[in-house]
Number of protein chains: 2
Amino acid sequence: MNTKTAVTRLTALAQDSRLAIFRLLVQKGPEGLCVGDIQTKLGVAPATLSFHLKELTHAGMVKPRQEGRFIYYSPDFKAMNALVAYLTENCCGGRSCDPECAPTPVCKEN
Amino acid sequence: MNTKTAVTRLTALAQDSRLAIFRLLVQKGPEGLCVGDIQTKLGVAPATLSFHLKELTHAGMVKPRQEGRFIYYSPDFKAMNALVAYLTENCCGGRSCDPECAPTPVCKEN
DNA sequence: CTTATGTTTCGATAATACTAGAAACATGAA
DNA sequence: TTCATGTTTCTAGTATTATCGAAACATAAG
């Protein structure tokens, strides 16, 4: 993980619609949701949703999976874990709080 | 934690200079660093640095502490933990991956 | 092939964020 | 008080991002 990647991922999450999309997918799990279902649940215009899904995908926070004429999106927990790890890297210079500081995986699946 | 707070915090971190500032402070720990030291280490203009510190402070990601004519900034790990918890709330609908999904505190200090 | 459905791209507008010089303010030292 | 140092506010220019209607594209069913 490098700075550029981290900023890209944080930027992807730092927006109302995208954060809602990501959390919805996290709650759904590895199975994911297709674009239409996300649209129905969140009520954003198709073009807007597509734009945001592209941002999240480009940042690596979600992964698309084609299934017939539907495209299912699911969260990438590895990316999430890597991001948290980057944010807390070498916390407190490795002193005192060390044991509690070590970043812990958020979800091992997927 | 609510959506607005989460977006504010993510936005605070989703920028090169601010992410660098935050990570620098995380690595320094609760003691923190004063503005001048941050400026020296990162090489951003005073006005720009002040702007970014205000953003981080307003988002609750860092806390200022006046000490003589210096102002020390330190990270707020509680805010960090709350943010991660919000992102992974009810991961996978509480099924299968549940044990590994539960978000874990990043740092208990401070 | 034709039609219906799901999704993305294009294009244009509006809103928001980043940057930094100059001036102002705050604190402590002489 | 006067000066030096540390930090913030003001202001304005530039760049980036969000939104969405309309049109285009993709896949599958009839």
Anything under 4.0 Å to a heavy atom of chain A counts; send over the first and last such nucleotide of DNA chain D, read 5' to 3'. dA18(D) to dA28(D)
Here's one to test your reading of the geometry: is the NZ or CZ of R65(A) within 45 degrees of the ring axis of Y73(A) and under 6.0 Å from its centre? no
Rounded to the nearest angstrom, tell me the gap between atom CG in L10(A) and atom P in dC18(C). 13 Å
Mind grabbing the angle between the end helix axes of the helix from dC1(C)-dG30(D) to dA30(C)-dT1(D)? Five pairs an end, 10° rounding. 30°
Residue pair P75(A) / G29(A): nearest heavy atoms and the distance that separates them: CD-O, 3.7 Å
Scan nucleotides 1-6 of chain C against the protein and return all N/O pairs shorter than 3.5 Å with their distances rounded to 0.1 Å.
{"unit_1": "dT5(C)", "atom_1": "O4'", "unit_2": "R69(A)", "atom_2": "NH1", "d": "3.4"}

Within the 3.5 Å criterion, strictly below it, is a donor on D37(A) or T40(A) matched to an acceptor on the partner's side chain? no
May I have the distance from L13(B) (atom CG) to dA17(C) (atom C1'), rounded to whole angstrom? 16 Å
Would you confirm whether R9(B), through its side chain, and A14(A), through its main-chain N or O, come within 3.5 Å as a donor-acceptor pair? no
Would you check if the side chain of R23(A) reaches a backbone N or O of T3(B) as a donor-acceptor pair within less than 3.5 Å? no
What is the nucleic acid contact for Q15(A), judged by heavy atoms within less than 4.0 Å: base, sugar-phosphate only, or nothing? sugar-phosphate
Within the structure shown, what part of the strands sits under 4.0 Å from Y73(B) by heavy-atom distance: base, sugar-phosphate, or nothing? sugar-phosphate
Result for 5'-nearest mapping on DNA chain C, choosing between T48(B) and K54(A), is K54(A)
To the nearest 0.5 Å, tell me how far T11(B) OG1 sits from Q15(B) CD. 11.0 Å
Output the rounded distance in Å from CG (L42(B)) to C1' (dA20(C)). 16 Å
Atom CD of E55(A) to atom C1' of dT9(C): distance rounded to whole Å? 14 Å
Check D76(A) against K63(A) and note the closest heavy-atom contact, atom names and distance. OD2-CD, 3.7 Å
Just wondering, do Y72(A) and P64(A) contact through their side chains at under 4.5 Å, heavy atoms? no
Residue pair V26(B) / T88(A): nearest heavy atoms and the distance that separates them: CG1-CA, 4.1 Å
Do any side-chain nitrogens or oxygens of H52(B) fall under 4.0 Å of OP1 or OP2 in dT19(C)? yes
In whole angstroms, how far is the P atom of dA17(C) from the CG atom of D16(B)? 17 Å
Would you kindly give the NE2-to-C1' distance between H58(B) and dA17(C), to the nearest whole Å? 15 Å
The side chain of A47(A) is closest to which nucleotide in this list: dT19(C), dT9(C), dA22(C)? dT9(C)
Give me the atom names and distance for the closest heavy-atom approach of M1(B) to A6(B). SD-N, 3.7 Å
Residue pair M80(A) / L87(B), side-chain heavy-atom distance below 4.5 Å: yes
Between S17(A) and Q66(A), which residue's closest nucleotide on DNA chain D lies nearer the 5′ terminus? S17(A)
Test side-chain contact (heavy atoms from CB on, under 4.5 Å) on V35(B) and F70(B) and set out the steps. CA-CA 7 Å; V35(B) 182; F70(B) 300 87; over 6 Å; no
